[in-house]
Amino acid sequence: GNFRKEEPMTDAKKFNDQIELLGITISALSRRAHVSRKRIYALKAGSEASASEIVGLSKALLLDDLQRDAIFLAPERE
């Protein structure tokens, strides 16, 4: 069987909604969060975020702990 551990995925919809809510550009978010624009586009598509990306983006997007967990530690959907 295939018993791999479920990797947390980025909740792309919530991530994109928060970016829109703040009205922040991808370039500005990239600078504030110290995450490349390429990685932000990957996260916008649901890629898994690293710990350092989560920290930087959570600050840049003004997320509280619950929002952070809902966006970046979303269980992978089949």
How long is the gap from [atom1] on [X] to [atom2] on [Y], to the nearest 0.5 Å?
X	Y	atom1	atom2	value
Leu43	Met9	CG	CE	9.5 Å
Asn16	Ile40	CG	CD1	11.0 Å
Phe72	Gln67	CZ	CD	10.5 Å
Ile71	Leu66	CD1	CG	11.0 Å

By side-chain hydrogen bond (donor to acceptor under 3.5 Å, both in side chains), which residues pair with Asp64, not counting sequence neighbours?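 None.
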Backbone N or O of Leu63 within a donor-acceptor pair of the Gln18 side chain at under 3.5 Å?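 Answer holds: no.
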Restricting to non-hydrogen atoms, name the atom on Leu57 and the atom on Ala33 that form the minimum distance, rounded to 0.1 Å.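 Closest heavy-atom pair between Leu57 and Ala33: CD2-CB, 3.5 Å.
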What closest approach, in Å, do Ala49 and Ile54 show between heavy atoms, and which atom pair accounts for it?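 Reported closest heavy-atom pair: CB-CG1, 3.6 Å.
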Does anything in residues 28-40 form a side-chain hydrogen bond (donor to acceptor under 3.5 Å, both in side chains)? List the pairs, not counting sequence neighbours.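 Residue pairs passing side-chain hydrogen bond (donor to acceptor under 3.5 Å, both in side chains), neighbours aside: Ser27-Arg37, Arg39-Ser47, Arg39-Glu53.
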State yes or no: do Leu62 and Val55 share one hydrophobic cluster built from I, L, V, M, F, W and Y residues joined by side-chain heavy-atom distances below 4.5 Å, directly or via other members?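 Different clusters: Leu62 never reaches Val55 through Ile, Leu, Val, Met, Phe, Trp or Tyr contacts under 4.5 Å.
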Are any of the side-chain nitrogens in Arg68 or Asp65 under 4.0 Å away from the carboxylate oxygens of its partner?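 Looking at Asp65 together with Arg68, the answer is yes, because their closest N to O distance falls below 4.0 Å.
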Non-hydrogen side-chain atoms of Leu22 and Leu29 separated by less than 4.5 Å: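 SC-SC contact between Leu22 and Leu29 ruled out.
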